[in-house]
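The next block holds one structure in the form of structure tokens; read it before the comments.
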Amino acid sequence: MSAFNLTPSGPSKFILNGIPGLEAAHIWISIPFSVFYIISLLGNFMVLFVVSKEQTLHKPMFLLLCMLELTDIGGSTCVVPKVLCIFWFGFKNITVDGCLTQMFFFNTVAAVHSAVLVTMAFDRYVAICDPLRYTTILSNTRIAKLGLVGLIRAVLLVLPLPLLLWRLPFCANRVIPHTYCEHIAVVKMSCGDTRVNRMYGLVISLVIIGLDLVFIGLSYGLIIRAVLRISSKKAHRKALNTCTAHICVMLMSYTTNLFSVLTHRFGQGIAAHVHILLANLYLLVPPMLNPIIYGIKTKELRDKVGKYTCRM
């Protein structure tokens, strides 16, 4: 079996095959994909614009929301334009450098997104359990520093993924049965020993998703304990209502992400097109719904968005 190394002298392209078994329907599938992507961009940029313009929204909660919107824009933009090029024009080739770059940025943005969700859970914990010290504990500067820590963590954890792939030989079959350069999909193309790649990919998934879910669960456990100590039912509802938007966003993000990660590794009985469609919906649906959820559930933001919408 012939193989090539990821070097300038060897073949330098992969072929992204789109959604296996549904190639004839790519044009039709592209319609909801492009609509979801456009709505996502409009919604997220609207939130960023409104928060940047309104001084009253320059608070830790809305700074975190802006970070979330930026990761939503970044994650979908890393992948969706290339997916639409495959669907519309049949541009399936992607250079090895481009593939590894896409993998690095997509996974980095996903890791930052998870870190932002953890910080948002901590923000809600402080707001409910220690409201008198909220402005002392969570200033805008401290939120920015936490965002930087999340970015550094993401880069350090994700960078070995493309570097470990760079050392592998790849088989003559260069067709990746996927719409983007998902880590395990590229690993499966190798003819070499991929145990280190598979193990490291699983480890960072557990570290990022598993550890972050533990921290989020701990925050909400403490929030629930604090809320149960409040005697007033009205206060119960008010306290829990401040968490509703974050809980919805968190459930959407982690449920689809976990399903995608686990089925790619262990879901041999699941049809490939089902897994790949769901992996793409993870890039489209949460970014599209997040600004809508926060716009509906957060009165301050809803009022400001309404004001700018009426002006337009």
Side-chain angles (χ1 to χ4, degrees), residues 1-4 11-40 75-96 98-103 105-107 109-110 161-162 165 168-192 194 197-198 201-202 205 209 252-289:
M1 185 180 292
S2 61
F4 66 83
S12 59
K13 291 184 179 180
F14 286 129
I15 299 171
L16 291 167
N17 203 34
I19 303 175
L22 297 178
E23 289 86 355
H26 276 177
I27 288 292
W28 297 107
I29 295 170
S30 72
I31 296 172
F33 273 48
S34 55
V35 170
F36 289 173
Y37 182 57
I38 291 168
I39 294 172
S40 169
S76 56
T77 302
C78 282
V79 173
V80 176
K82 178 60 180 176
V83 174
L84 293 177
C85 284
I86 294 170
F87 289 169
W88 289 341
F89 311 114
F91 293 165
K92 298 183 177 183
N93 287 349
I94 185 169
T95 65
V96 172
C99 187
L100 296 181
T101 300
Q102 184 191 60
M103 181 192 303
F105 280 106
F106 169 70
N107 285 288
V109 169
L161 288 179
L165 275 169
L168 290 176
F170 285 84
C171 306
N173 177 21
R174 296 177 290 121
V175 179
I176 301 174
H178 212 301
T179 53
Y180 61 92
C181 292
E182 201 273 341
H183 176 246
I184 291 298
V186 179
V187 168
K188 288 178 179 178
M189 303 299 296
S190 174
C191 302
T194 61
N197 301 74
R198 291 173 181 271
L202 183 60
S205 295
I209 300 176
M252 277 195 309
S253 298
Y254 283 117
T255 302
T256 51
N257 193 10
L258 276 170
F259 184 84
S260 178
V261 169
L262 293 175
T263 52
H264 219 317
R265 292 176 179 277
F266 309 111
Q268 286 79 10
I270 298 175
H273 67 273
V274 173
H275 165 249
I276 293 169
L277 275 172
L278 289 173
N280 281 276
L281 288 177
Y282 161 68
L283 300 171
L284 291 164
V285 175
M288 178 181 67
L289 293 180

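Every value quoted in this text rests on a predicted model; they were computed, and no experiment measured them.
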Side-chain donor or acceptor of [X] paired with backbone N/O of [Y] under 3.5 Å:
| X | Y | value |
| --- | --- | --- |
| Lys92 | Phe14 | no |
| Ser190 | Pro169 | yes |
| Gln102 | Cys78 | yes |
| Thr194 | Asn197 | no |
| His26 | Ile19 | yes |

Heavy atoms, side chains only, cut-off 4.5 Å: are [X] and [Y] in contact?
| X | Y | result |
| --- | --- | --- |
| Leu202 | Arg198 | no |
| Leu168 | Met189 | no |
| Cys181 | Leu100 | no |

[X]: what forms a ring-ring contact (aromatic ring centres under 6.0 Å, His included) with it, not counting sequence neighbours?
| X | answer |
| --- | --- |
| Tyr180 | Phe106, His178 |
| Phe36 | none |
| Phe33 | Phe87 |

Determine, stepwise, if the pair Val186 / Glu182 fulfils side-chain contact (heavy atoms from CB on, under 4.5 Å).
CA-CA 6 Å; Val186 179; Glu182 201 273 341; over 6 Å; no

If you compare all heavy atoms of Ser253 against all heavy atoms of Tyr282, which two are closest, and at what distance to 0.1 Å?
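Shortest heavy-atom separation between Ser253 and Tyr282 comes out as O-CE1, 3.6 Å.
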
Where Thr179 and Ile86 come nearest, the two heavy atoms and their spacing:
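Here Thr179 and Ile86 meet closest at O-CD1, 3.7 Å.
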
Quick one: side-chain hydrogen bond (donor to acceptor under 3.5 Å, both in side chains) partners of Ser34, sequence neighbours excluded?
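Ser34: no side-chain hydrogen bond (donor to acceptor under 3.5 Å, both in side chains) contacts found.
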
Under the side-chain hydrogen bond (donor to acceptor under 3.5 Å, both in side chains) test, residues paired with Ser30 that sit two or more places apart:
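Once residues adjacent in sequence are excluded, the partners of Ser30 under the side-chain hydrogen bond (donor to acceptor under 3.5 Å, both in side chains) criterion are Trp88.
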
Test of understanding: with side chain to side chain contact (heavy atoms under 4.5 Å, CB included), list the residues that count as partners of Val80, not counting sequence neighbours.
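If we apply the side chain to side chain contact (heavy atoms under 4.5 Å, CB included) test to Val80, skipping adjacent residues, the hits are Tyr37, Ser76, Leu84, Leu284.
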
